[in-house]
Number of protein chains: 2
Amino acid sequence: MHQSGKTSFQDVRDEVIHRIQSGIWPQGTLLPTEVELAEEFGCARATVNRALRELAENGVVDRKRKSGTRVNTAPVKQAKIEIAIVRHSVEEQNAIYRYALVHKEITAIPPWLAAQLDLPITHKVMYLKCMHYADNRPYQFEERWVNIDAVPTILDADLVETGPNEWLLSVVPFTDAQINFCAVGADADLSEFLSTPTGTPVFQLERTTWLQNKPVTFVRMTYHPGYRMSTSY
Amino acid sequence: MHQSGKTSFQDVRDEVIHRIQSGIWPQGTLLPTEVELAEEFGCARATVNRALRELAENGVVDRKRKSGTRVNTAPVKQAKIEIAIVRHSVEEQNAIYRYALVHKEITAIPPWLAAQLDLPITHKVMYLKCMHYADNRPYQFEERWVNIDAVPTILDADLVETGPNEWLLSVVPFTDAQINFCAVGADADLSEFLSTPTGTPVFQLERTTWLQNKPVTFVRMTYHPGYRMSTSY
DNA sequence: GAGTGGTCTAGACCACCAG
DNA sequence: TGGTGGTCTAGACCACTCA
């Protein structure tokens, strides 16, 4: 790569990272200006700019006009969690995926959800319960409410073969989402579907999605006991 | 903003997003080339490039040389979780933060951790237990093992005033981390420190950090019952 | 007011890869 | 082998913000 003799923005980025990690530029240090760095590295200012901009996006440095670029004192580390389709998660573990639709009805929106989504309590939603299995063992219990107004075509969807998870993702691109993680004790439903005693600690993930300020769906996914969600950065 | 009459890369990005969301460019569509888009928007190719590059980074489109730019069929949505200092999380809720060091000893590394970090079982570590309170109510119990080899200065650190969490973050920048989330039932320690009955479901986060392939610390943080971690995208 | 980053331009060359 | 994105350049002007 980059043997063309020119200094690439990646070279600049890597050198800056190196100087920070090796202690040449400790936390809080004010870096030279873009012009100065461009001179030192023998490249255009735009090249330095792109390198530093990327580092700023990653939280490594903090940039302010007039003040300059500073090594971040408390780097806000971010872990990325991929929102995968359940089937893919299961298949990644080389397990056989199976899906089952447990319950499906059109009903009035529950009051707590109406409040949460800012919808009138007379609103109609589709209420679904599904199970996802890995090698025929309970993997995830999915409880979902879909805003029929936002996704009228769901009324004609066959949700027996393909789960609402995959169906929605392939049909309705959403723009915003809000996610919660928590630990709860298994209630009657969870106990039955996840084959575990009532009260067993289980990991739960709730997600609300919107399509341009219009609520699309709220889903509560509960994983089998012992499930661990992992990520790295 | 941008009233200078020139087309900004953000204008291009937003217009592309709009065309995708409004169905003008459905999933899988091959976009015009950068040159064509630059002509249409009346801007330089570099401007279009930056806009499309950003969309590619976010997984909205897929770019390949020669093939061109294509609207992504299965956008990989990612949620970002910020790894904050506990004190900041508490203070963000306008609660009063209090920290207490509960236990501190130099000991041999536990076998399970030695295996996990790929260290010899004769290795010495500092083992710590701490509590974090919000408005004097249990917020988080922290159990931590620190690799003394990687951070020898911790032997002289006063961990009574400042928790190891903040001390390490300010002194030892790490380069890689691996995180696990899960739900567990409170054991004796957790029950006591979090003031909750044994077996109560609690949310647990484990993090291992490395500094250039050298393990630095492994920490297990358990939150008070009812805690919810949230994020959005 | 002046210094610093933020961005756009017009042009150039390069690297990759499908046909 | 040609088309497409990837990147660098040199210069310019703008916008924010600190002193």
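Values reported hereafter were calculated over all heavy atoms of this structure, with side chains retained and with hydrogens, waters and symmetry mates removed. All values reported here derive from a predicted model rather than from experimental measurement. A note on names: the letters A, B, ... follow the listed sequences, proteins ahead of strands, and every chain is numbered from 1.
In this model, the phosphate group of C:dT7 is approached by a side-chain N or O of B:Gln10 to a distance below 4.0 Å at OP1 or OP2. OP1 or OP2 of C:dG5 has at least one side-chain nitrogen or oxygen of A:Thr69 nearer than 4.0 Å. A close approach under 4.0 Å does not occur between any side-chain nitrogen or oxygen of B:Arg53 and OP1 or OP2 of D:dG5.
One atom, CZ of A:Arg65, and another, P of D:dC13, lie 17 Å apart when rounded to the nearest Å. The CZ atom of A:Phe9 sits 8 Å away from the C1' atom of D:dT7 (whole-angstrom rounding). Counting to the nearest Å, the C1' atom of D:dG3 and the NZ atom of B:Lys66 are 4 Å from each other. To the nearest angstrom, C1' of C:dT9 lies 16 Å from CG of B:Asp11. Across the protein-nucleic acid pair, B:Asn49 atom CG and C:dG11 atom C1' stand 14 Å apart, rounded to whole Å. Taking atom CD on B:Glu39 and atom C1' on C:dT9, their separation rounds to 15 Å, with Å as the unit. Rounded to whole Å, atom P of D:dC16 lies 17 Å from atom CG of A:Asp62. Note: CG (B:Leu52) to P (C:dC8) measures 13 Å, nearest angstrom.
The residue among A:Gly42 and A:Ser67 whose nearest nucleotide of DNA chain D lies closer to the 5′ end is A:Gly42. Between A:Ala46 and A:Gly68, the one whose closest nucleotide on DNA chain C sits nearer the 5' end is A:Gly68.
No side-chain donor-acceptor contact under 3.5 Å links B:Asp135 to the backbone of B:Arg137.
Between A:Phe203 and A:Phe181, the ring-plane angle classifies as tilted under the 30° and 60° cut-offs.
Between A:Ile154 and A:Leu159 the shortest side-chain heavy-atom distance falls below 4.5 Å.
For A:Phe41, there are no ring-ring contact (aromatic ring centres under 6.0 Å, His included) partners at least two apart in sequence or on another chain.
Under a cut-off of 6.0 angstrom, the local environment of CG in B:Leu155 is crowded, with over 12 non-hydrogen atoms contributed by other residues, nucleotides or ligands.
For a distance-only test at 3.5 Å, the side chain of B:Arg50 fails to qualify as a donor-acceptor partner of the base of D:dT7. For C:dG6, its base sits under 3.5 Å from the side chain of A:Arg45 at one donor and acceptor pair at least.
The only member of B:His132, B:Glu92, B:Glu166 that meets side chain to side chain donor-acceptor pair (under 3.5 Å) when paired with B:Arg87 is B:Glu166.
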Kindly determine whether A:Glu206 and B:Arg228 satisfy salt bridge (Lys or Arg N to Asp or Glu O under 4.0 Å), including the steps that lead there.
CA-CA 10 Å; A:Glu206 291 178 351; B:Arg228 299 168 79 82; 2.4 Å; yes
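DNA chain D is contacted by no residue of residues 29-38 of chain A, taking any non-hydrogen atom closer than 4.0 Å.
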